[in-house]
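Notes follow once the structure below has been shown.
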Protein chains: 4
Amino acid sequence: MKEKILVTCIQLFEHKGFSETSIQDIVDSLAVTKGTFYYYFKSKEEVLMVIHRMYIDTLLEQQNKLLEDGALTNKDRLRGLVEMLVTNITPLGKSARVFHRELRHLSEDHMKEARAKRDQVRVAIEKVIVAGMENGEFRPDVKADIVTLGILGACNWSYQWFKPEGKYSDLEVSEVFIDMVCQGITPK
Amino acid sequence: MKEKILVTCIQLFEHKGFSETSIQDIVDSLAVTKGTFYYYFKSKEEVLMVIHRMYIDTLLEQQNKLLEDGALTNKDRLRGLVEMLVTNITPLGKSARVFHRELRHLSEDHMKEARAKRDQVRVAIEKVIVAGMENGEFRPDVKADIVTLGILGACNWSYQWFKPEGKYSDLEVSEVFIDMVCQGITPK
Amino acid sequence: MKEKILVTCIQLFEHKGFSETSIQDIVDSLAVTKGTFYYYFKSKEEVLMVIHRMYIDTLLEQQNKLLEDGALTNKDRLRGLVEMLVTNITPLGKSARVFHRELRHLSEDHMKEARAKRDQVRVAIEKVIVAGMENGEFRPDVKADIVTLGILGACNWSYQWFKPEGKYSDLEVSEVFIDMVCQGITPK
Amino acid sequence: MKEKILVTCIQLFEHKGFSETSIQDIVDSLAVTKGTFYYYFKSKEEVLMVIHRMYIDTLLEQQNKLLEDGALTNKDRLRGLVEMLVTNITPLGKSARVFHRELRHLSEDHMKEARAKRDQVRVAIEKVIVAGMENGEFRPDVKADIVTLGILGACNWSYQWFKPEGKYSDLEVSEVFIDMVCQGITPK
DNA sequence: TATGAATGAGTCTTCATTCAT
DNA sequence: GATGAATGAAGACTCATTCAT
């Protein structure tokens, strides 16, 4: 039941937004009563928090695997991180959209937690880039911090326009992003 | 007064979000009464619409100047567009954040209008890239549509983290973005 | 202008009802501003009162002519009163509907006045019937007071269904009413 | 509770009118909170609709009994219908007044429904008269449609003046109406 | 586990009215 | 005569949340 509530909430929050989704909407979708909702969660915000946590923890897990794999080059790692961020398979895609859009509706504490975790992704990208700069995979003169934010922006923004049934798959999109970021768009 | 209401609304919508800003909040900030608000605007949504329109129209105007200037190379134009998007001079920065975050709270009609205009920016970037591909300024094998969305993402996302008083100026940020996109981050 | 406001108000009150008609509606219909309205009338209720007064005074005037005409039989007089009530010539028809429907929105004092005048019509009918009973024109055993209220009901109700462009004219309707009331519908 | 809300609303709508009765008035009368009202009804209009439906359905039921009773003459039936309409036994009397006065505040759909049902009463009276004309109970030359509207008017109007504690009972009033309509007020 | 009645603060919005100009 | 900016009380309705059962 807790699971079912979560899934329903992800759908609704993604579709209508957190503020615009009422408890009534949620319990109607599930054909249960309000009491049931409050038996499992103590507030609407708690549901949001759980969604955030599930999403970001999944991400961080993936990320750690990538970072710890000693066999990979830094470019491979960067590719892996970009793919991870762009990947849009349900239900992670919906969670991702909720994550990026509804961060502000978390309570003070939960927001700090979410931000801190979100930052780990940024830091990971930045570290990979810096490591690549040091071992010659990347140009030594790039501004790693800003480039990182640029890459993050490109990836996170994809949740705003990406359509799974569209012209390109999520993998193709990440490939293009990686190519753009690594080779640039001007001819050599 | 209409002007004052708008400015206040931009502040509040940016700070607390559209849904979370009540008419009461707005009129309290201005030390007027609700009646006054509704004398100038017929709904909260109308204010949002005006903010959107002001922002996007300003953008499109700048954009048109860039596109019509025959003396520029396509790379110059791209740089111009990126600079235009990243530029965060007050009060456009707040408007920009409101624009990107609260699009969904517009009414059906206004949303269509806003989306159509927003799309003009995307189309402009894409056209510049395609033109550059044709005249050899850019590689002939890039996927212009996705690259465009990547660039847009990097730029639009900057409203989430850019601080005018921070380490880099908005011009520096756009320079890094342009460099990243054009040269790539790998050495030649 | 005062005249124009009145005419417009009759239209609007008749169409939407008094409570549902806002000052804004009124001034919009006239393409003037609220200030103008309040220059001529000191409240919405005052307009309603004037409409009531105009209608009922017109009625009472007609009624008095009928009653004072010594040449008429009581049956003639009754016919005259019924015709007077049913008559739906514009703009009296709309005023009549407003009169009957919106009485309750008058202020205490105005309501008393309106009720008193309205009562004069009832009393007049009753007197004509009693006079007819005394001189043999009407049956001596009718309950004049209730019959009066029945006749009034039939007439006043006609404003709810009568359509000038309908199958019968207002004169035909009153003829039928008079016939029904005088002869009854059973055969002799 | 739903029952209690309905009873209270009938009182208030009858006394002050629908538009003039606020939700606050209603819940204050019941010593509950607004939330409670909206737990049972989803709008003020819904309450009005229920009141209309209860009243008119009760009426139509009574009416059908009358029409189906083969032992009655048409005059009996007409008497029955008039009695039914004039009868003012609590709480139907208040409902009746609300019904006739507040019809216009129903939503489009509910209004159509109410009007259709209200029309059934008119049609029933007309049919009884026509049937009486055919079997010789009533004069063959009466205009059944207008006479019907006259009778309806007399009856419906009674809700405006009838007082249960007054000089005449509701049964006496209907008797006078029937006598007036059938015999007429002129001597044979 | 789950219900459903009840709460009460809060939402956006409308409105009749006033008044300085 | 007429304007239009401003008021503030009141309107209908929503909502997250609680709690006895």
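Below, chains carry the letters A, B, ... as their sequence lines are ordered, and counting in each starts from 1. No experiment lies behind these values; they were computed from the predicted model shown.
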Inset, instruction - Just jot down the ring-ring contact (aromatic ring centres under 6.0 Å, His included) partners of B/His110, sequence neighbours excluded, or say none. - result: none
Pick out the pairs of N or O atoms, protein on one side and nucleotides 9-13 of chain E on the other, that lie under 3.5 Å.
from	atom 1	to	atom 2	distance (Å)
E/dC12	OP1	B/Thr21	O	3.4
E/dC12	OP1	B/Lys44	NZ	2.8
E/dC12	OP2	B/Ile23	N	3.0
E/dT13	OP2	B/Tyr38	OH	2.7
E/dT13	OP2	B/Lys44	N	3.2
E/dT13	O5'	B/Tyr38	OH	3.3
E/dT13	O4	B/Lys34	NZ	3.4

Inset, instruction - Can you tell me which stems DNA chain F forms, taking runs of 3 or more consecutive Watson-Crick or G-U pairs with both distances under 3.5 Å? - result: E:2-21 with F:2-21
Legend entry - Rounded distance (Å) that lies between atom C1' of E/dT17 and atom OH of C/Tyr40: 18 Å
Inset, instruction - Between F/dA2, F/dG8, E/dT3, spot the one nearest the side chain of C/Tyr39, thanks. - result: F/dA2
Legend entry - Whole-Å gap separating P (F/dT14) and CD1 (A/Ile26): 17 Å
Inset, instruction - Would you check if the side chain of D/Glu102 reaches a backbone N or O of D/Val98 as a donor-acceptor pair within less than 3.5 Å? - result: no
Legend entry - Partner set under ring-ring contact (aromatic ring centres under 6.0 Å, His included) for D/Tyr55, not counting sequence neighbours: D/Phe99
Inset, instruction - Verify the distance criterion only: is there a donor paired with an acceptor across the side chains of D/Glu20 and C/His105 at less than 3.5 Å? - result: yes
Legend entry - Under 4.0 angstrom between C/Thr36 side-chain N/O and F/dA2 OP1 or OP2: no
Legend entry - B/Thr36 side chain vs B/Val32 backbone, donor-acceptor pair below 3.5 Å: no
Inset, instruction - May I have the distance from A/Ile5 (atom CD1) to E/dT1 (atom P), rounded to whole angstrom? - result: 12 Å
Legend entry - Heavy-atom pair with the smallest gap, counting every atom of A/Phe18 and A/Lys44: O-NZ, 3.0 Å
Legend entry - Ring centre gap for D/His100 and D/Trp157 strictly below 6.0 Å: no
Inset, instruction - Take atom CZ of B/Phe41 and atom P of E/dT14, then tell me their distance rounded to the nearest Å. - result: 15 Å
Inset, instruction - Using side-chain hydrogen bond (donor to acceptor under 3.5 Å, both in side chains) as the criterion, list what pairs up with A/Asp57, not counting sequence neighbours. - result: A/Lys117
Inset, instruction - Check whether any side-chain nitrogen or oxygen of B/Thr33 sits under 4.0 Å from OP1 or OP2 of F/dT7, and answer yes or no. - result: yes
Inset, instruction - Nearest whole angstrom, please: distance from the P of F/dG4 to the NZ of B/Lys2. - result: 14 Å
Listed pairs under 3.5 Å, donor-acceptor, residues 2-15 of chain C side chains, sequence neighbours left out:
from	atom 1	to	atom 2	distance (Å)
C/Thr8	OG1	C/Lys4	O	2.9
C/Glu14	OE2	C/Arg97	NE	2.5
C/Glu14	OE2	C/Arg97	NH2	3.3

